[in-house]
2 protein chains.
Amino acid sequence: MATPTRLASAAALIAHPARAAMLQALMAGEALTAGELARTAGIAPSTASAHLAALAGGALVVAHAQGRHRWFRLANDDVAAILESLMGLAELARPARRWPHGEALRTARTCWDHLAGRLGVALRQGLVERGMLRPALGGWEATAAGHAWLERTGVDVAAARRARRFACDCMDWSERRPHLGGGLARALCTLCLARGWLRRQPGEGLARRAVVPTPEGVRRLREAFGVRVEAAAGQAASD
Amino acid sequence: MATPTRLASAAALIAHPARAAMLQALMAGEALTAGELARTAGIAPSTASAHLAALAGGALVVAHAQGRHRWFRLANDDVAAILESLMGLAELARPARRWPHGEALRTARTCWDHLAGRLGVALRQGLVERGMLRPALGGWEATAAGHAWLERTGVDVAAARRARRFACDCMDWSERRPHLGGGLARALCTLCLARGWLRRQPGEGLARRAVVPTPEGVRRLREAFGVRVEAAAGQAASD
DNA sequence: GTGTCGTTTTGTCCCCGGGCGCAGCATCCG
DNA sequence: CGGATGCTGCGCCCGGGGACAAAACGACAC
């Protein structure tokens, strides 16, 4: 009876609406304070504190005290992958005929530390079609042309190579097709945000995951990656 | 608030000890009746029936009525993959210093429809090292030599190719290294069981997942795949 | 030092999810 | 056709998990 119980308790950490809301917010990739997470989940700070202690105990999040704040973030990308696949499972169980989460989220969002949604899927497709990536053991590696081109574009390829995985497929929960994960995808996401091509949404909770392309971003993404995105038009998720 | 709730309800299906026990039993890959699952989970048939209805509603399992029995099995390999990764998460949270689930389970077991444990990991390593497989888009493909050799060994390669994925890595929860999943892995598992090289454990629950090599199996696995396994020595998991 | 802010601990209350037994229904057996 | 078997729906009961308020604690600012 040992293992089923452990399986159950691992899932139980995610199974609570308030904890799920916090985890969703953390899926944006940034660290958040206990107070922010409490507000996001719509519960009292004391309640949130107990939940966060449970999540930390289950190795789903890690805490980092700084001054009178405590910053929480997801423990690692494995946790993010599990959350995404569970989202996919939920979607599969009740395929919504109407997408209820706001168009912005579907257009472009972050998945832990990389890009997802239509943008993420298109990005992967663009890189592969242009011969920048080729299949490798358990994922993708850069071709010679791809490596040169990435460096020229300003991607920190060296940092990407230090990651556990350079580039791998990560199933997109809304598009049902893979987008790119791993060190390269992280570097790309960082680049787009640093250059101001994409901007994070100010909202809370799930809406926090959405990113919207700036006018310059629309142009650059088309030029650099051959990705067609619309400028910020969709409404943010109502959370 | 829509999506966090859905994430939570998807996880909640797994979060219950009784349901988790049933899912674990189904991870052996065979279909089981409602009564068997009730006994496995140690609950009354009526309770089990309610749980199974919930699992079916959540698209985690599928039911198939035949006579006065109802056979349940996991809905698909995505579900199996999610369950395995949650097991890994649980293991990560509380790394047991002593493996509490019985040696047999760790030596060789099934993971949905393919082989896992030390045997599964060694099998993958053997095939790769001997040049039978090479990396491909999102997994592995057979080399020319590999194809010929697999057919000669009696593996139903044609059936394996019809699967959604021919061969891909599947993280092994106990070994923390990948074993082989996909159509090829399924065919290999089928072969080993059909030829009597491996025999399923008679137990219930988690123990059901264990497979033990017969004396002939030990020899054949070494000859055919270069895999060293011990004959049935470990005790079955106490469940 | 004193006030404020963010977080956690403690205590208390309340609600609902899950347990079983029983009855009902379908199926197979002789 | 009657009895045994397998599964499910209904009703009732119980226990524990999670909610908040209040208070304690530590850190920062002035």
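Naming convention: chains lettered A, B, ... in sequence-line order (proteins, then strands); numbering from 1 in each chain. For the numbers below, each heavy atom of this structure counts, side chains included, while hydrogens, waters and symmetry mates do not.
Distances shorter than 4.0 Å separate none of the side-chain N or O atoms of R70(B) from OP1 or OP2 on dG6(D). Look at H16(B) and you'll find a side-chain N or O under 4.0 angstrom from OP1 or OP2 of dG19(C). Phosphate proximity of dG18(C) to R19(B): present, with a side-chain N or O under 4.0 Å from OP1 or OP2.
Using a 4.0 Å cut-off between a side-chain N of Lys or Arg and a carboxylate O of Asp or Glu, E91(A) and R106(A) do not qualify as a salt bridge. A salt bridge links R118(A) with E103(A): at least one charged nitrogen is closer than 4.0 Å to a carboxylate oxygen. Between R186(B) and D77(B) there is no salt bridge, since none of the side-chain N atoms of the basic residue sits less than 4.0 Å from a carboxylate O of the acidic one.
Between the base of dT7(C) and the side chain of R68(A) there is no donor-acceptor pair shorter than 3.5 Å. Taking 3.5 Å as the limit, the base of dG9(D) and the side chain of S49(B) contain no donor-acceptor pair of atoms between them.
Nucleotide dG18(D) holds its C1' atom 14 Å from the CG atom of L52(A), rounded to whole Å. Put simply, CG on L55(A) is 12 Å from P on dT8(C), counting in whole angstrom units. Remark: P of dG18(C) and CD1 of I43(B) are 11 Å apart, rounded to the nearest angstrom. Spacing between atom NE2 of H64(A) and atom P of dA27(D) amounts to 14 Å, rounded to whole angstrom units.
Mapping A34(A) and H51(B) onto DNA chain C by nearest heavy atom places A34(A) at the nucleotide closer to the 5' end. Each of G67(A) and A48(B) lies near DNA chain D, and the nucleotide nearest A48(B) is the one positioned closer to the 5' end. Map T33(B) and Q66(A) each onto its nearest nucleotide of DNA chain D; the residue landing nearer the 5' end is T33(B).
Aromatic ring pairs are classed by plane angle as parallel below 30°, tilted from 30° to 60° and perpendicular above 60°; the pair H101(A) and W99(A) is perpendicular.
Of the candidates dG9(D), dG6(C), dG18(D), the closest approach to any side-chain atom of H69(A) belongs to dG6(C). Comparing dC20(C), dG18(D), dA21(D) by their nearest atom to the side chain of S46(B) picks out dC20(C). In this structure, of dG19(C), dT8(C), dG18(D), it is dG19(C) that holds the atom nearest to the side chain of T47(B).
Using a 3.5 Å distance cut-off with no hydrogens or angles, the side chains of R208(A) and Q201(A) do not pair a donor with an acceptor.
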